[in-house]
Participant: 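Following this message is one structure expressed as structure tokens.
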There are 4 protein chains.
Amino acid sequence: MKEEITRHSVKLFQQKGFSETSIQDIVDSVGVTKGSFYYYFKSKEQLLMEIHSRYIDDLLHRQKKVIANEENNQNKIAKIIELIILDIKTQGPNGRIYLREMRNLSKKNADIIKAKRSKFRHNIEQVIVEGIESGEFRKELQPKLITFAVLGVTNWSYQWMNPSGDVSVEELAVIFSDFVLHGIQAKEG
Amino acid sequence: MKEEITRHSVKLFQQKGFSETSIQDIVDSVGVTKGSFYYYFKSKEQLLMEIHSRYIDDLLHRQKKVIANEENNQNKIAKIIELIILDIKTQGPNGRIYLREMRNLSKKNADIIKAKRSKFRHNIEQVIVEGIESGEFRKELQPKLITFAVLGVTNWSYQWMNPSGDVSVEELAVIFSDFVLHGIQAKEG
Amino acid sequence: MKEEITRHSVKLFQQKGFSETSIQDIVDSVGVTKGSFYYYFKSKEQLLMEIHSRYIDDLLHRQKKVIANEENNQNKIAKIIELIILDIKTQGPNGRIYLREMRNLSKKNADIIKAKRSKFRHNIEQVIVEGIESGEFRKELQPKLITFAVLGVTNWSYQWMNPSGDVSVEELAVIFSDFVLHGIQAKEG
Amino acid sequence: MKEEITRHSVKLFQQKGFSETSIQDIVDSVGVTKGSFYYYFKSKEQLLMEIHSRYIDDLLHRQKKVIANEENNQNKIAKIIELIILDIKTQGPNGRIYLREMRNLSKKNADIIKAKRSKFRHNIEQVIVEGIESGEFRKELQPKLITFAVLGVTNWSYQWMNPSGDVSVEELAVIFSDFVLHGIQAKEG
DNA sequence: GATGAATGAGAGTTCATTCAT
DNA sequence: CATGAATGAACTCTCATTCAT
């Protein structure tokens with residue numbers, strides 16, 4: 001039931017926004033009563049926090065695996081981009097909430113999520129640092145800013161990308177990896 | 001007075017979000033009463049619509065000038081990126097509202113804004129198309145998707161960029177132009 | 001278990017008030033679940049009724065003994081005052097609920113308790129009547145009103161008296177008996 | 001209107017209790033809507049606080065005058081008792097709320113009211129101290145405890161006294177003054 | 001005996017909006 | 001132009017109570 005409520009909430013938050021979705025909307029959608037909602041969740045914010053936590057925890061976990069498994073830094077970057085882009089199809093609504101609705105977390109909860117987001121960002125930054133050291137990427141790059149550029153490319157996709165449109169997530173991942181790698185690779189030969 | 005109300009609203013919407021900001025918050029901030037607000041604005045949504053309209057109209061106007069004045073497509077791209085990034089300093093709050101708060105427009109108004117946003121996007125796409133034709137940019141690029149990538153890089157900056165931090169908007173514009181152009185330029189020689 | 005629930009309830013009702021204490025508060029305090037509560041009590045009101053009933057039944061029982069055992073009416077008054085005041089130490093919370101939370105009984109139950117309270121009051125009144133007849137107390141006293149005065153002195157003590165403060169309940173009982181008896185005794189010879 | 005709301009609230013709080021009276025009850029009684037209530041009061045607690053404040057401020061003010069105007073301490077005591085008892089007729093509901101509903105004030109507000117209540121009590125205590133010194137009252141009395149006894153007599157009257165019953169407030173004031181003064185006066189001659 | 005999930009009514013509060021003055 | 005009183009709908013959340021297991 002908790003799962004059920006969460007599922008419907010994610011869908012509604014994504015469509016209408018967190019503040020614009022009422023508890024009534026949620027329970028009507030699930031087909032239960034308000035009392036039930038508050039049996040499972042202490043507050044509306046707690047529900048939002050759970051959505052955020054799950055999402056970023058899962059992302060961090062998979063990012064870790066990718067970084068551990070890929071051999072060179074170019075591939076690591078490509079795989080991280082792929083990770084985020086392929087998720088649009090399976091995790092789209094979750095991702096959109098994750099990217100838009102942090103304002104509605106309490107300071108305490110927001111801090112927890114922010115720390116994890118930073119971790120995710122620093123992991124990418126680290127790959128770029130190592131890619132520069134290994135000669136894969138251009139020496140003059142500023143890893144921190146490039147990381148923000150990469151995240152801009154991937155995260156913004158959650159705003160416009162339609163996985164059932166004429167470009168598939170798989171194709172998009174390749175195209176964006178290509179764009180990013182051209183942007184940062186050192187000249188060959 | 002209308003200007004005054006708009007100014008305070010922009011600041012508040014950016015800090016707390018549109019739904020989370022009450023008319024009371026706005027009029028308290030300005031130092032007038034609710035009656036006054038409704039003398040100048042038909043509704044809260046109309047205020048939001050005006051903020052959106054102004055912002056995108058101004059952006060389109062300046063984009064047009066840039067495209068007209070720059071000679072080659074590389075410079076056009078660089079100048080458009082600069083346009084968006086430099087704005088973070090002067091138009092940050094407006095920009096953030098523009099990027100986040102479209103959900104709260106009525107369908108009718110949202111459609112108007114969406115059309116203008118598309119125009120802005122198509123103008124960039126057109127530059128890329130022409131850059132490919134002129135040989136400046138790589139033949140295999142998909143202009144539409146590259147446009148989304150570029151907008152991702154610039155728009156996402158409104159989320160994290162602090163114009164009074166250790167990287168200035170001017171530096172960031174150069175760094176991001178460089179990144180994007182490396183990503184799309186045809187191999188020389 | 002029923003005893004256990006009642007004990008914890010009395011403590012909570014006294015601290016926060018009947019309406020302000022939820023069934024959840026009670027069962028959390030006891031360490032059981034709501035289902036259990038409703039196994040032992042038909043309703044929250046029934047619990048309150050039992051607390052009231054026990055308290056006044058016990059009081060009436062002990063008042064009866066005191067009146068039967070004491071020889072003169074002065075001693076009867078003194079012993080009744082002692083009875084109520086000493087209880088602050090052992091029955092404080094029960095007493096406070098008894099004095100404050102009658103509003104939350106249904107009419108039917110309230111009537112039952114009111115009848116018993118009246119009985120308690122009339123018993124005191126009767127002692128005063130007999131004391132006047134015997135010449136112990138002043139002729140001009142109005143027994144009914146004096147009874148209310150005595151009850152005011154004793155009952156109000158439940159509001160402010162701290163049995164572990166610098167006056168003990170034993171001392172207070174003596175002081176208040178003295179005050180009351182001076183107030184009603186006939187001038188001696 | 002604020003006055004109107006307060007008046008109806010006092011009546012309802014007295015009848016049903018603060019927690020048991022809903023904002024809906026209040027506005028239905030006045031004939032306005034909930035919005036109006038919150039136009040005049042920040043919260044339900046603020047309304048309660050205003051009722052408490054007014055009541056104790058008025059009481060303190062009048063107590064001060066009585067103490068200043070009466071010549072001997074016996075009269076001061078008698079007049080203070082009269083003050084409280086006569087109020088049952090005109091201020092009954094206010095008084096009952098004052099005596100019963102302090103639990104529902106926030107700690108901050110409760111502290112303010114408690115301080116004023118203590119002032120009222122200390123003023124009586126002071127009269128007793130001076131009466132002992134002047135020889136009017138018995139030497140062995142403990143002023144603090146006697147004060148509580150006197151307040152018990154008067155305050156408890158708010159619970160049972162019916163000003164339109166067969167004893168008038170004026171008569172009761174005389175009877176209770178007489179009872180109290182007999183209780184504390186030094187033996188004459 | 002005891003649990004835990006579920007209910008439904010109602011609580012206090014907020015808020016965009018209206019309108020007579 | 002501007003105010004301030006008033007509305008009514010909706011909001012988040014609480015709670016006594018029920019009942020299948």
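Computation of the quantities below employed the complete heavy-atom set of this structure, encompassing side-chain atoms and omitting hydrogens, waters and symmetry-equivalent molecules. Sequence lines set the chain letters: A, B, ... in the order given, protein chains first and strands last, and positions in each chain run from 1.
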Participant: For DNA chain E, determine which residues of residues 27-42 of chain C have any heavy atom closer than 4.0 angstrom to one of its atoms, and list them numerically.
Facilitator: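 Within residues 27-42 of chain C, the residues near DNA chain E are V32(C), T33(C), G35(C), S36(C), Y39(C), Y40(C).
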
Participant: Please give, in whole Å, the distance from dA9(E) P to E20(D) CD?
Facilitator: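 Interatomic distance, CD of E20(D) to P of dA9(E): 21 Å.
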
Participant: Show the atom names and distances, to 0.1 Å, of all donor-acceptor pairs under 3.5 Å that link a side chain in residues 1-9 of chain D to residues at least two apart or in another chain.
Facilitator:
residue : atom : partner : partner atom : Å
K2(D)   : NZ   : E50(D)  : OE2          : 3.3
E3(D)   : OE2  : R54(D)  : NH1          : 2.9
E4(D)   : OE1  : R7(D)   : NH1          : 2.9
T6(D)   : OG1  : K2(D)   : O            : 2.7
H8(D)   : ND1  : E4(D)   : O            : 3.0
S9(D)   : OG   : I5(D)   : O            : 2.7

Participant: Heavy-atom nearest nucleotide on DNA chain F for S43(A) versus I23(C): which residue maps closer to 5'?
Facilitator: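 Checking each residue's closest nucleotide, the 5'-ward one belongs to S43(A).
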
Participant: Nearest whole angstrom, please: distance from the P of dT7(E) to the CE of M1(A).
Facilitator: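 It works out to 8 Å between those atoms.
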
Participant: Could you state the atom-to-atom distance from CG of N104(C) to C1' of dC15(F) in whole Å?
Facilitator: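 Interatomic distance, CG of N104(C) to C1' of dC15(F): 14 Å.
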
Participant: Y55(C): which residues meet the ring-ring contact (aromatic ring centres under 6.0 Å, His included) condition with it, sequence neighbours left out?
Facilitator: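 So Y55(C) forms a ring-ring contact (aromatic ring centres under 6.0 Å, His included) with Y98(C).
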
Participant: Could you state the CD1-P distance from I26(B) to dT14(E), rounded to the nearest angstrom?
Facilitator: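 After rounding, the gap between these two atoms is 17 Å.
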
Participant: Tell me: CG of L48(C) to P of dA16(F), nearest whole Å?
Facilitator: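 Answer to the nearest Å: 13 Å.
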
Participant: Would you be so kind as to tabulate the donor-acceptor pairs closer than 3.5 Å made by side chains of residues 27-39 of chain C, with sequence neighbours excluded?
Facilitator:
residue : atom : partner : partner atom : Å
D28(C)  : OD1  : Q24(C)  : NE2          : 3.0
K34(C)  : NZ   : Q24(C)  : OE1          : 3.4

Participant: Nearest nucleotide by nearest heavy atom, which residue falls closer to the 5' end of DNA chain E, D25(B) or Q24(D)?
Facilitator: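 Result: Q24(D).
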
Participant: Nearest-Å distance, NZ (K44(D)) to P (dT14(E))?
Facilitator: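 Those two atoms, NZ and P, are 15 Å apart.
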
Participant: Is a donor from one side chain sitting under 3.5 angstrom from an acceptor on the other, for N104(A) and E45(A)?
Facilitator: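 No pair is found: no donor N or O on one side chain lies under 3.5 Å from an acceptor on the other.
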
Participant: Tell me, please, which residues at least two apart from K119(B) pass salt bridge (Lys or Arg N to Asp or Glu O under 4.0 Å).
Facilitator: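 Result, salt bridge (Lys or Arg N to Asp or Glu O under 4.0 Å) vs K119(B): none returned.
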
Participant: Would you mind reporting whether I56(A) and H52(A) have side-chain heavy atoms less than 4.5 Å apart?
Facilitator: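 Of all side-chain heavy-atom pairs linking I56(A) with H52(A), none is under 4.5 Å.
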
Participant: With sequence neighbours left out, write down each residue that passes ring-ring contact (aromatic ring centres under 6.0 Å, His included) with F120(C), or none if nothing qualifies.
Facilitator: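 Listed in chain order: nothing, the list is empty.
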
Participant: Which residues pass the side-chain contact (heavy atoms from CB on, under 4.5 Å) test with D58(C), not counting sequence neighbours?
Facilitator: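 D58(C) satisfies side-chain contact (heavy atoms from CB on, under 4.5 Å) with R62(C) once adjacent residues are dropped.
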
Participant: Could you spell out the base pairing of DNA chain E in dot-bracket, with Watson-Crick or G-U pairs whose two distances are under 3.5 Å, [ ] crossing and | to another strand?
Facilitator: .||||||||||||||||||||

Participant: Give every residue pair that meets the ring-ring contact (aromatic ring centres under 6.0 Å, His included) criterion with at least one member in residues 9-29 of chain D, sequence neighbours excluded.
Facilitator: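 Non-adjacent pairs meeting ring-ring contact (aromatic ring centres under 6.0 Å, His included): F13(D)-F18(D).
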
Participant: Without decimals, in angstroms, what is the distance between K2(D) NZ and dG4(F) P?
Facilitator: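 In whole Å, dG4(F) P and K2(D) NZ are 15 Å from each other.
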
Participant: May I ask you to evaluate whether S22(A) reaches the phosphate of dC11(F), defined as a side-chain N or O under 4.0 Å from OP1 or OP2?
Facilitator: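 Checking S22(A) against dC11(F): at least one side-chain N or O falls below 4.0 Å of OP1 or OP2.
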
Participant: Under 4.0 Å between any heavy atoms, over every strand shown, what does S19(A) touch: base, sugar-phosphate, or nothing? Just pick one.
Facilitator: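 Touches nothing.
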
